[in-house]
Each structure stands twice: as C-alpha cells, then as structure tokens.
*Asks:* 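Let me begin by handing over the structure; questions about it come next.
First the proteins, then the strands, lettered A, B, ... as listed; each starts at 1. Small disclaimer: the values here were computed from a predicted structure and weren't measured.
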Protein chains: 2
Amino acid sequence: MRLSDSIESFIKTLLSQEETEVELKRNELAEYFGCAPSQINYVLATRFTLDDGYVIESRRGGGGYIRIVRVVESGQQRLAYLINERIGSAISEEEAVRLIGQLVQQQVVTLEEGEIMRAAVSSQALAVPVPDAMKDALRARSMKCMLTAIARQNRSAAKG
Amino acid sequence: MRLSDSIESFIKTLLSQEETEVELKRNELAEYFGCAPSQINYVLATRFTLDDGYVIESRRGGGGYIRIVRVVESGQQRLAYLINERIGSAISEEEAVRLIGQLVQQQVVTLEEGEIMRAAVSSQALAVPVPDAMKDALRARSMKCMLTAIARQNRSAAKG
DNA sequence: TCGTTTCTGACTATCTTTGACCAATAACAT
DNA sequence: ATGTTATTGGTCAAAGATAGTCAGAAACGA
C-alpha cells in the first residue's frame, strides 16, 4: 500500500463515526510513518480538501498542531451549496470528481450514480475541439443540471 | 504460441474461477514475460476491450497498477451495442432521451440514474455558444462515457 | 509480395516522496 | 516591552516511480 494511502486511512480512522475532528502533530505523524513531514501536507492537500468535505486548521510554533475537521451538512444543504455557490460558471474535471466523491461519501447519491456523473463530466466525454475554458463551462452546466435533477428527486438518503 | 497470447491466457487464468478482477503491475508483468512494458498495453487494447467484456482501470506514479475487471455478459452486450453502434458520433436530445427511457424500462438503470443521465445531455446542460452539430457530438460522447461507466458497474459478482 | 498483427523504444503524463528553505508562534532573556 | 532563539508547520521544486501513447520495425499469414 502507498504511504499516502496509509496516512489517509489512518486519519480517516481517527475521524470515524462520532468524531468530526482530529488534532495532530505533523512531526509526530511523520515520524510514526517514517517519512518526511511535508508528506503529511501532501496527503492533506490531495485527500482532505474542502471539496472532499474537510477543513484544515493549523498553528506553528511550540505546541503547534494540525486540525482536520470533517464537514457535516444535510444532502439538500450540500446540493444547494454546490449548485448556487461552489460550481459557478466553470469547473475542472479534478474538482468535479472531488465534489462527486464527497456526495457519494455522504450518501447523497449512490456509488453507481456517482460513477455515471463522473463519466458525464470526464475529459473523455468532453473531448471535442473547443477551448478548455469552454469545456470547464460545459462541465459546470452539466454538473448543475445533474445536481438539480438529484435535488428534485427529494431523497432522504441515497438508496443502496 | 505468441507472446500476446501467452499474456492473454495468463491474465484470463487469474480471472477464471470466482475472481472478477485482477490487479497487476505493468512493469512486473512485462519483466515476467521478458518484454517491453508497452506490450502489456497492446494486449489489453486488443484482447480486453469492453466488447470482449472487460473494463480496464489504472493509476500511474508510485504504487501504480492496472486493474482488469470482467463485466456481466448480458448487460454488457446491449451496452456495447449502444456504445459501438447505436450511438454514432452525434445524437439529438430527443434520441438520447428515448434511449435512456428504454434503459430505464429494461431496468438496466434505475429511474434516478436515468434522470441524472437526461440532465447531463439536456439542452440546458449544453447551453454554450457552440454549433448544434458540436452539441450533438458532445451528447454522443457523454452518453457513451456514461454507458461505459454503467457497464463497468456490471461486474460478474453480485451488485446492488 | 502485401497487408495485418505483434512488438519495441523513445517520449510523455501522472502520482508520490523528499529535502532545502521559508514563515509563524511560543518561550525565554534582558 | 523588546529582541532572540527554539519549535513548529508551509511551500515548492526536483527526483523517483509508475503507466500511456505512438510511430515504426519485425514477424506472420494469405
């Protein structure tokens, strides 16, 4: 298993169930995993972004720390936020993939639905000769349309 | 026996019995067969296509891998037909909606999934300043990508 | 021979890990 | 209070580790 994956699981285990936040010492964690401290930042930057549903806070100096907070909100709240604020008029594939992953995680949509959505906004789906900016705009529209359709379905939680 | 054939059998042996997917390291496999790594890609491209009933996933970088997933034949054939023949390089919204309706009817996808797909290929989702012909091409690509994602979900093992 | 299939290697793209240098904060000395 | 030093965490670019692509060479079959 990849080091990054191990660190990711480790942190997510700490965040399981009730715990909605953890506080860590970067150097300690790095030492525990026998890696460079900056590796921790890499993991946070690639797997604990706001789009993934996490907020990171930290402090330097003596007694410094890194706090990871898991954001909790209802499916409808999340959908409204994505549609009205987050997505805007353009979005990259990477960002879209993260947002969709988060929806699956929070069981707002099923894994299958998430995969369909990912496919719809993949670079492969948009592989036509138009500028990248246009693709990002198309992706944003597509995402918002799909999310709106989901919001209309008025579900409490995704079905298994 | 040809190298490609050997590699093909080797992989299919791993996939025989109950296993519905295998994960490989491209370089290791190439070393094992004493060939160029790209040979592996050739085998996958020519013998493990969706038509053949397989879907490939992979990741680069440290700890990278190639995963080969065997999908259900029944649904796979219909999807492969849609992907490779029915939907050409362009499709109108009306036609797409009709196809999606059929898939829902035949319970290949759920009603919710169908609505998400419709949203993704709706004229609203494609409301950007590009020629209509381009929109039909985009819709075709989007449909094919989504259908491929659905085929991928149809693993031999049980699913929801 | 000629067209197709197989195979390779050079080049490219992507993901991970590290290390050197930077920035902020706390603790301490004056 | 103020300046200095110790203690953290942050950034970024480079190196390492994989996989993908594609054009052309090689092998094969009709």
*Asks:* Quick check on DNA chain D: between Gly61(A) and Ser38(A), whose nearest nucleotide comes earlier from the 5' end?
*Replies:*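 First, find each residue's nearest nucleotide; the 5'-ward one identifies Gly61(A).
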*Asks:* What nucleic acid atoms does Gly64(A) come within less than 4.0 Å of, heavy atoms only: base, sugar-phosphate, or nothing?
*Replies:*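 Answer is sugar-phosphate: Gly64(A) comes under 4.0 Å of backbone atoms only.
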*Asks:* Looking at Glu8(A) and Arg2(A), does any basic side-chain N land under 4.0 Å from a carboxylate oxygen?
*Replies:*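 Here Glu8(A) does not pair with Arg2(A) in a salt bridge, since their nearest N and O are not under 4.0 Å apart.
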*Asks:* Backbone N or O of Val121(A) within a donor-acceptor pair of the Arg139(A) side chain at under 3.5 Å?
*Replies:*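 Between the backbone of Val121(A) and the side chain of Arg139(A) there is a qualifying donor-acceptor contact (under 3.5 Å).
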*Asks:* What's the CD-P distance between Glu57(B) and dC15(C), to the nearest Å?
*Replies:*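 Result: 14 Å.
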*Asks:* Could you tell me how far apart Glu28(B) (CD) and dA19(D) (C1') are, to the nearest whole angstrom?
*Replies:*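 Checked: the CD to C1' distance equals 13 Å.
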*Asks:* Would you state whether a donor and an acceptor, one from the side chain of Ser58(A) and one from the base of dG9(D), lie under 3.5 Å apart?
*Replies:*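 Side chain to base: no pair present.
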*Asks:* Find the distance Lys25(A):NZ to dT25(C):C1' and express it as a whole number of Å.
*Replies:*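 To the nearest whole Å, that distance equals 12 Å.
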*Asks:* I'd like to know if Arg59(B) and Glu23(B) make a salt bridge, using a cut-off of under 4.0 Å between side-chain N and carboxylate O.
*Replies:*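 A salt bridge is absent here (no side-chain N lies under 4.0 Å from a carboxylate O).
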*Asks:* Measure from the side chain of Arg26(B), starting at C-beta and using heavy atoms only, and say which of dA19(D), dT16(C), dG19(C) lies closest.
*Replies:*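 The nucleotide sitting nearest to the side chain is dA19(D).
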*Asks:* What is the distance, to the nearest angstrom, from the CD1 atom on Ile7(A) to the C1' atom on dT17(C)?
*Replies:*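 Rounded to whole Å, this separation is 10 Å.
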*Asks:* For Ile56(A) and dG10(D), give me the distance from atom CD1 to atom P, rounded to whole Å.
*Replies:*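 One finds 9 Å between P of dG10(D) and CD1 of Ile56(A), rounded.
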*Asks:* How many Å lie between CG on Asn41(B) and P on dC11(C), as a whole number?
*Replies:*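 Distance check: Asn41(B) CG to dC11(C) P gives 18 Å.
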*Asks:* Within the pair Arg67(A) and dG9(D), is there a side-chain N or O less than 4.0 Å away from OP1 or OP2?
*Replies:*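 So the side chain of Arg67(A) is outside the cut-off, no N or O lying under 4.0 Å from OP1 or OP2 of dG9(D).
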*Asks:* Of the options dA26(C), dT17(C), dT18(C), whose atoms approach the side-chain atoms of Arg59(A) most closely?
*Replies:*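 Closest nucleotide to the Arg59(A) side chain: dA26(C).
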*Asks:* Any chance CD of Gln106(B) has more than 12 other-residue heavy atoms, nucleotides or ligands included, within less than 6.0 Å?
*Replies:*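 Yes, because the 6.0 Å sphere around CD of Gln106(B) holds more than 12 heavy atoms from other groups.
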*Asks:* Among dT18(C), dT6(C), dC7(C), which nucleotide sits nearest the side chain of Leu3(A)?
*Replies:*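 Side chain of Leu3(A) sits closest to dT18(C).
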*Asks:* Looking at Arg152(A) and Glu115(B), does any basic side-chain N land under 4.0 Å from a carboxylate oxygen?
*Replies:*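 Looking at Glu115(B) together with Arg152(A), the answer is no, because their closest N to O distance does not fall below 4.0 Å.
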*Asks:* Counting the atoms with a prime plus P, OP1 and OP2 as sugar-phosphate, which does Asn27(A) contact under 4.0 Å by heavy atoms, base, sugar-phosphate, or nothing?
*Replies:*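 If one applies the 4.0 Å heavy-atom cut-off, Asn27(A) turns out to touch the sugar-phosphate alone, with no base involved.
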*Asks:* Where the side chain of Arg60(B) is defined as all heavy atoms beyond and including C-beta, which of dT14(C), dG9(D), dT16(C) is the nearest nucleotide?
*Replies:*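 Output: dT14(C).
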*Asks:* Any side-chain N or O of Ser4(A) under 4.0 Å from OP1/OP2 of dT17(C)?
*Replies:*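 Checking Ser4(A) against dT17(C): at least one side-chain N or O falls below 4.0 Å of OP1 or OP2.
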*Asks:* In whole Å, what is the span from the CG atom of Leu44(B) to the C1' atom of dT21(D)?
*Replies:*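 Taking atom C1' of dT21(D) as the reference, CG of Leu44(B) is at 14 Å.
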*Asks:* Does Gly63(B) or Cys35(B) map to a spot on DNA chain C nearer the 5' end, using the closest nucleotide for each?
*Replies:*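 It is Cys35(B), whose closest nucleotide lies nearer the 5' terminus.
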*Asks:* For the pair Arg70(A) (side chain) and Leu15(A) (backbone), establish whether a donor and an acceptor sit closer than 3.5 Å, ignoring hydrogens and angles.
*Replies:*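 Checked: pair present.
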*Asks:* With respect to the side chain of Tyr42(B), which nucleotide from dC22(D), dT6(C), dT16(C) is positioned closest?
*Replies:*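 From the listed options, dT6(C) comes nearest.
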*Asks:* Look at the side chain of Gln39(B) and decide which nucleotide, out of dC7(C), dT16(C), dG19(C), has an atom nearest to it.
*Replies:*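 Closest nucleotide among those given: dC7(C).
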*Asks:* From CD of Gln124(A) over to P of dG20(D), roughly how many Å is that when rounded to an integer?
*Replies:*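 So the two atoms are 14 Å apart, to the nearest Å.
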*Asks:* Tell me whether the side-chain N/O atoms of Arg2(B) come closer than 4.0 Å to OP1 or OP2 in dA26(D).
*Replies:*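 For dA26(D), OP1/OP2 do not have a side-chain N/O of Arg2(B) under 4.0 Å.
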*Asks:* Among the candidates dT11(D), dA19(D), dT16(C), find the nucleotide nearest to the side-chain atoms of Ile66(B).
*Replies:*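 Closest nucleotide among those given: dA19(D).
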